[in-house]
**Q** 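Okay, handing you the structure first.
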Protein chains: 2
Amino acid sequence: MSLRQFRYFVTTAEELHFARAAERLGIAQPALSQQIRALEERLGARLFHRANRRVELTEAGNAFLREARATIDLAAKAERIARDTARGEAGRIDIGIVGSVVFDPDFPHLLNEYRNEHPGIQLSLHEMRILTQIEAVHNRQLDMAIIRTPLPSDMPDNLDCFTLSTQKSVAVLPSTHPLAHETSIHLRDLAEETFVAFEDPPGAGMGEILLRECRGAGFEPLIAQRVCEIGTLISLVGAGFGVSLVAETISHLQLPGVCYLPLEDTEARSQLAVIHRRFERSAAVAALLERIRASSKVPN
Amino acid sequence: MSLRQFRYFVTTAEELHFARAAERLGIAQPALSQQIRALEERLGARLFHRANRRVELTEAGNAFLREARATIDLAAKAERIARDTARGEAGRIDIGIVGSVVFDPDFPHLLNEYRNEHPGIQLSLHEMRILTQIEAVHNRQLDMAIIRTPLPSDMPDNLDCFTLSTQKSVAVLPSTHPLAHETSIHLRDLAEETFVAFEDPPGAGMGEILLRECRGAGFEPLIAQRVCEIGTLISLVGAGFGVSLVAETISHLQLPGVCYLPLEDTEARSQLAVIHRRFERSAAVAALLERIRASSKVPN
DNA sequence: ACTTTCAATAAGAAAAACGTATTAATTCTG
DNA sequence: CAGAATTAATACGTTTTTCTTATTGAAAGT
């Protein structure tokens, strides 16, 4: 079982065509067939259905694909780290973020400070979905993740978490909405509206906040549309698809046709949390974590 | 850069002694020296200090060691996942259910047993309408569906079906009804009542059972209200909207103001059936189907 | 000074990976 | 329906990589 076989497999899984995959890999097709077969024998599992002149991933192949990709990425990261460390730069810190962090004024500022104090260390930001981030921190593709609470229930137990900041939630309305020019509104006034919500996993993130707050205000929100990106969400609200609830900091994103309104009847708050491995052995990562913890507005 | 080199490096880093590491790896010492050197050249970084007849990790070596170990572990995990998935011991099974299955005492019990025997497999239940379920099994969003017979007439022909259990039907009456405190009644006694019925598609499910039985008893039921959820149906009966016919197991749902009464003049039975793809390629799904079939109370 | 220890080097043997040619099976096409 | 085309698998010889044995060289111990 070798990395090369992993790469061959991933390419073949992407192409679903042995000859094309072989070409992309710069080898002949029979060599690829042989390596895939060797891998399958080693695993004791077929990875592809080769029926009817069509190549498809088996269920095992699908499951293996995700892990194989992660393994290849991690190997590349190992290489990069060795190289960077040898050059005297302590390397690079990979940070996962949810989209809405970009509009938080404090966090980018904090990163900038750290960058100035540690010019050798490259900070690399990766915008990803919540669950993907947690998984990636767990298997070391990321060094930390900034996500919005609540956290999903099934967190790996070698991960730790602390709160970075707390933010009020505000309502987002299209400016054509009758309530749009009030100075503040009650959440229950939106009971009959349709909502645009984040596509978060159940029980986690802003998607969960929206549900909880609406239920707290005594109604079940009718969710007409789910989106992955904060920008899309605000645009959809502006286009009249519905209303939504977002963290206050998002209101820095002023789009035409969109109004942000504080809420009267709720303490609705969401928190940004930092997820990291409990026993972090990289000095650079540990230092950044300490830095973030020290400047966080919330006692931990 | 290969996984083998990673393993060689990790062992050498553990032993800090080429000859001993080579012995542990089952190769000769020069082979190890060569591979480590090849790795160092590839990385463009020395991983060991070899001064003074003593082998030590460089800083880069130390950083690389962490990532190399993680990479090896992840590769092993990939292998395990592929193997387990192929053997049907990992993955996820999506099961569609009609609402009333929840009150069946046997089926949840069966699922629980399966969950204990196959801890790697996540069972995910989806409460859906009959037609939606069939469609979803067909296009692989669900792996199987538990629905109430009769089946609709236009089943896709790549789907199979077998009976899980058979249940008597009982009448549901509001406890204010004159007949509510009999020990049993005749269905034809309800000929003049209004009925609350399931919103099933024509010819399928409990909605069809109700029609057939009433016609068998010599009258056409007057259906005043149709509902999607079993809980709503029972509530409506309790609130005096009408009477209905439900599977016996539903009587576990005891709501105030509702009485369940056995029927004298009919053998009214409904069946729970399992719908699945005829040629199931997932080992896990096939195993669960076998399990259900084996424990079903009805010969198939 | 001599031996011992230990990694590096050299060179040939073994194993793995690859390429060319071919086969077998299916699908497309006239 | 026959023949062409597509595509993955197989056979087998070649190249490349990896390994082994033998040897060297340098440092440490006696």
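Computed from a predicted model, the values in this text were never measured in an experiment. Chain identifiers are assigned alphabetically (A, B, ...) following the order of the sequence lines, protein sequences preceding nucleic acid strands; residue numbering begins at 1 within each chain. Values below: all heavy atoms of this structure, side chains included; hydrogens, waters and symmetry mates excluded.
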**Q** Just to verify, what does B:D160 make a salt bridge (Lys or Arg N to Asp or Glu O under 4.0 Å) with, not counting sequence neighbours?
**A**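 Only B:R278 meet the salt bridge (Lys or Arg N to Asp or Glu O under 4.0 Å) criterion with B:D160.
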**Q** Please list all pairs passing the side chain to side chain donor-acceptor pair (under 3.5 Å) test where one or both residues lie in residues 58-67 of chain A, with sequence neighbours left out.
**A**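 Found A:E59-B:S282.
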**Q** Round to a whole Å and report the spacing from CD1 of A:I36 to P of D:dA9.
**A**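 Distance, rounded to whole Å: 9 Å.
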**Q** Contact class for A:Y8 (heavy atom, under 4.0 Å): base, sugar-phosphate, or nothing?
**A**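 Sugar-phosphate, backbone atoms only, no base.
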**Q** Send over the distance from B:F6 CZ to D:dT18 P, rounded to a whole Å.
**A**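 So the two atoms are 14 Å apart, to the nearest Å.
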**Q** Base, backbone or nothing for each nucleotide of nucleotides 3-9 of chain C, written B, S, -, heavy atoms under 4.0 angstrom, 5' to 3'?
**A** --BSBBB
**Q** Let me know the distance between CZ of A:R42 and C1' of C:dA17, rounded to the nearest Å.
**A**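 Result: 18 Å.
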**Q** Considering residues at least two apart in sequence or located in another chain, which fulfil the salt bridge (Lys or Arg N to Asp or Glu O under 4.0 Å) criterion with A:R7?
**A**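 Result, salt bridge (Lys or Arg N to Asp or Glu O under 4.0 Å) vs A:R7: none returned.
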**Q** What is the distance, to the nearest angstrom, from the CD1 atom on A:I27 to the C1' atom on C:dT20?
**A**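 My rounded result for the distance is 14 Å.
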**Q** Figure out the CZ/P separation between B:R7 and D:dT18, and round it to whole Å.
**A**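 Atom CZ in B:R7 sits about 13 Å away from atom P in D:dT18.
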**Q** Please state how far atom CD in B:Q5 lies from atom P in D:dT18, giving the value in whole angstrom units.
**A**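 Taking CD of B:Q5 and P of D:dT18, I get 7 Å after rounding.
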**Q** For B:R4, which residues count as a salt bridge (Lys or Arg N to Asp or Glu O under 4.0 Å) partner, sequence neighbours excluded?
**A**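 Testing B:R4 for salt bridge (Lys or Arg N to Asp or Glu O under 4.0 Å), a comparison that skips the adjacent residues, returns none.
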**Q** What is the separation between atom CD on A:E40 and atom C1' on D:dA9, rounded to the nearest whole Å?
**A**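 Whole-Å distance recorded here is 12 Å.
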**Q** Could you work out, with salt bridge (Lys or Arg N to Asp or Glu O under 4.0 Å) as the rule, every residue matching A:R24, not counting sequence neighbours?
**A**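 By the salt bridge (Lys or Arg N to Asp or Glu O under 4.0 Å) rule, A:R24 matches A:E14, A:E15.
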**Q** How long is the line joining CZ of A:R4 and C1' of C:dA15, in whole Å?
**A**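 In whole Å, C:dA15 C1' lies 12 Å from A:R4 CZ.
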**Q** Indicate whether any N or O donor in one side chain lies under 3.5 Å from an N or O acceptor in the other, for B:D143 and B:H276.
**A**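 No, B:H276 and B:D143 have no side-chain donor paired with an acceptor closer than 3.5 Å.
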**Q** D:dA26 phosphate, OP1 or OP2: any side-chain N/O from B:R54 under 4.0 angstrom?
**A**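 False: B:R54 side-chain N/O out of range (4.0 Å or more) of D:dA26 OP1/OP2.
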